[in-house]
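Contents: one structure, followed by commentary.
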Amino acid sequence: MGAGGPRRGEGPPDGGWGWVVLGACFVVTGFAYGFPKAVSVFFRALMRDFGAGYSDTAWVSSIMLAMLYGTGPVSSILVTRFGCRPVMLVGGLLASAGMILASFATRLLELYLTAGVLTGLGLALNFQPSLIMLGLYFERRRPLANGLAAAGSPVFLSALSPLGQQLLERFGWRGGFLLLGGLLLHCCACGAVMRPPGPGPRPRRDSAGDRAGDAPGEAEADGAGLQLREAPPRARPRRRLLDVAVCTDRAFAVYAVTKFLMALGLFVPAILLVNYAKDAGVPDTDAAFLLSIVGFVDIVARPACGALAGLARLRPHVPYLFSLALLANGLTDLSSARARSYGALVAFCVAFGLSYGMVGALQFEVLMAAVGAPRFPSALGLVLLLEAVAVLIGPPSAGRLVDALKNYEVIFYLAGSEVALAGVFMAVATNCCLRCAKAAPSGPGTEDAEAEGDSEPLPAVEEEPSNLETPGELSPRGGPMEPEVEAGPRLAAESV
């Protein structure tokens, strides 16, 4: 199954089995982002059968998205403890079981617990580990890999929305939920191919049978996970399951605030679009096709933007490119608030899909560049938790405003303002952080302190094996390092 991983001292392979991992990440990202939006096709049937308003029904998608984001720290802890592949396999089963059980629901509360909580949790346990594994396989081509993986969202959205409409017309919402639950079992197949980068050749042994250069207590690994040799003579530092110290990083704080503001309004237009078009007199099939238009444009925008961000001249300025994408998305919502005709809605979908694709392609690349690969799992979990709060506020509040005002115009103005504000904040705060860094006093004492601060986390990363189901340690660059291998007795490694 693919070529071996990098040797000790080398970075991520940037290819090989990594392309298979990229394909699996493409599918998982498509389900994670496309599925909650595609479920909105069933909302009118659910409103009719349960006698509920739009705001109550919209909680299904909101809870699903909130679980996808809110369980980020839980997913980080599970990945650190058990590895990416087992977590993804369990997540695929939970996501499928949630939709299958939802097909038997008789109350909205049961839909919240099954399609919302259970399926959302399953998608979360697939989404975050796939991004972590992608970062272990790519470094030089990471912006392009992130862009290609993010393209799974529009591809699946453009396919799942018409598919959901057809399933609704032929089998009803119960049959549609049952079939979609079976479709989510593909997440298990994606988890199965998440093989960590493999070890290189065995190191030579000296005359005493010990490996050259070995230190007591070094880590070794095989396909089953990380293990240690017999009790080391000294106490070893234990790797934390969730590194909350990343919150003290200014770049991370700027990114977290930006994502919170962005999540308040970014998903609202996509969730309301189909029902907005139906209320404007657009036929149901044509209204569902609007999401496909967004998806088709998004498919092109994400890989193209990822390739653009990977250029040598632009890669150091990716935060500014990300802020420009957010500003463009917000201005698109503001300028299209009065769109009522089908032609105007199509134009909105084209512009929205382009800016939305740029945001999707750059968001995780900016975070990886800000915190580095060793702290990325913890940083991603904390950011997703913040997004969960914003998702629980944004779409449900928009649904209640629609029920109260019977007017979508205010919703587009509100959502566009929030996303545009996120873009402006990102650009201004990033510029201020760079100025503060340049204005920091320099001198022998400061340089020594900075060097000590920079090197402080490295021993923990180098000595303590990463339990992201990788068969080696993380290098200071964030890439996997070749493990040491020994045929002697081994003890299971503890993860804390």
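Each of Ile293, Val350, Leu290 was evaluated against Leu345; a single residue qualifies, Leu290, per the side chain to side chain contact (heavy atoms under 4.5 Å, CB included) test.
Counting heavy atoms from C-beta on, the side chains of Leu94 and Thr119 never come closer than 4.5 Å. Looking at Val268 and Ile411, their side chains come closer than 4.5 Å, going by heavy atoms from C-beta outward. When side chains are defined from C-beta on, Leu384 does not count as touching Leu68, because their heavy atoms never get closer than 4.5 Å. Using a 4.5 Å heavy-atom cutoff, the side chains of Phe412 and Phe348 are in contact. A 4.5 Å side-chain heavy-atom check between Ser323 and Val424 finds every atom pair outside the cut-off. Using a 4.5 Å cut-off on side-chain heavy atoms (C-beta onward), Met64 and Tyr112 make no contact. Using a 4.5 Å cut-off on side-chain heavy atoms (C-beta onward), Met47 and Asp56 make no contact. Leu183 places a side-chain heavy atom less than 4.5 Å from the side chain of Leu180.
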Intermediate values then yes/no, side-chain contact (heavy atoms from CB on, under 4.5 Å), Leu273 and Val294: CA-CA 10 Å; Leu273 181 61; Val294 174; 4.3 Å; yes

Test side-chain contact (heavy atoms from CB on, under 4.5 Å) applied to Trp17 and Arg195, step by step: CA-CA 8 Å; Trp17 188 253; Arg195 187 190 69 180; 3.6 Å; yes

Test log, rule side-chain contact (heavy atoms from CB on, under 4.5 Å), inputs Phe82 and Val90: CA-CA 11 Å; Phe82 300 105; Val90 173; over 6 Å; no

Criterion ring-ring contact (aromatic ring centres under 6.0 Å, His included) on Phe171 and Phe177, from CA distance to verdict: CA-CA 9 Å; Phe171 305 104; Phe177 277 17; over 10 Å; no

Trace of the side-chain contact (heavy atoms from CB on, under 4.5 Å) decision for Met67 with Leu123: CA-CA 8 Å; Met67 292 300 296; Leu123 293 175; over 6 Å; no

Verdict with supporting geometry, Thr114 and Glu110, side-chain hydrogen bond (donor to acceptor under 3.5 Å, both in side chains): CA-CA 6 Å; Thr114 53; Glu110 295 174 1; over 6 Å; no

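With Ser341 contributing its side chain and Ala344 its backbone, the two residues share a donor-acceptor pair below 3.5 Å. A side-chain donor-acceptor contact under 3.5 Å links Ser61 to the backbone of Pro36. A donor-acceptor distance shorter than 3.5 angstrom exists from the side chain of Ser103 to the backbone of Ile100, with no hydrogens or angles considered. Here the side chain of Arg85 pairs no donor or acceptor atom with the backbone of Gly191 at under 3.5 angstrom. For Tyr255 (side chain) and Gln363 (main-chain N/O), a donor-acceptor pair under 3.5 Å exists by modelled atom type. Looking at Ser96, its side chain never comes within 3.5 Å of a backbone N or O of Gly92 through a donor-acceptor pair.
For the pair Gly164 and Val41, the tightest heavy-atom approach, listed with the atom from each and the gap, is C-CG1, 4.0 Å. Taking each heavy atom of Val193 and Ala24 in turn, the nearest pair found is CG2-CB, 3.5 Å. In terms of heavy-atom proximity, Ala328 sits nearest to Thr332 at O-OG1, 2.8 Å. Across all their heavy atoms, Gly381 and Ser76 have their closest contact at CA-OG, 3.6 Å. The two residues Ala361 and Gly147 have their closest heavy-atom pair at CB-CA, 4.2 Å. Across all non-hydrogen atoms, the minimal contact from Val419 to Gly330 is CG1-N, 3.8 Å.
Rounding to the nearest 0.5 Å gives a distance of 9.0 Å between OG of Ser355 and CG of Asp298. Interatomic distance, Arg140 CZ to Arg315 CZ, rounded to the nearest 0.5 Å: 9.5 Å. Between Cys349 atom SG and Phe289 atom CZ the span is 9.5 Å, to the nearest 0.5 Å. Here the CE-CG distance, from Met426 to Leu324, works out to 12.0 Å after rounding to the nearest 0.5 Å. Leu93 contributes atom CG, which lies 12.0 Å from atom CE of Met88 (distance to the nearest 0.5 angstrom). Note that the CG atom of Leu89 and the SG atom of Cys84 stand 11.0 Å from one another [nearest 0.5 Å].
Aromatic ring orientation, Phe50 versus Trp173: tilted (interplanar angle from 30° to 60°).
If you look at Phe376 and Phe252, their ring centroids are not closer than 6.0 Å. Tyr33 has its ring centre less than 6.0 Å from the ring centre of Phe127. Phe156 has its ring centre no less than 6.0 Å from the ring centre of Phe35.
Within the cation-pi definition used here (under 6.0 Å to the ring centroid, within 45° of the axis), Lys259 qualifies as a partner of Phe364.
For residues 151-180, there are no salt bridge (Lys or Arg N to Asp or Glu O under 4.0 Å) pairs, not counting sequence neighbours.
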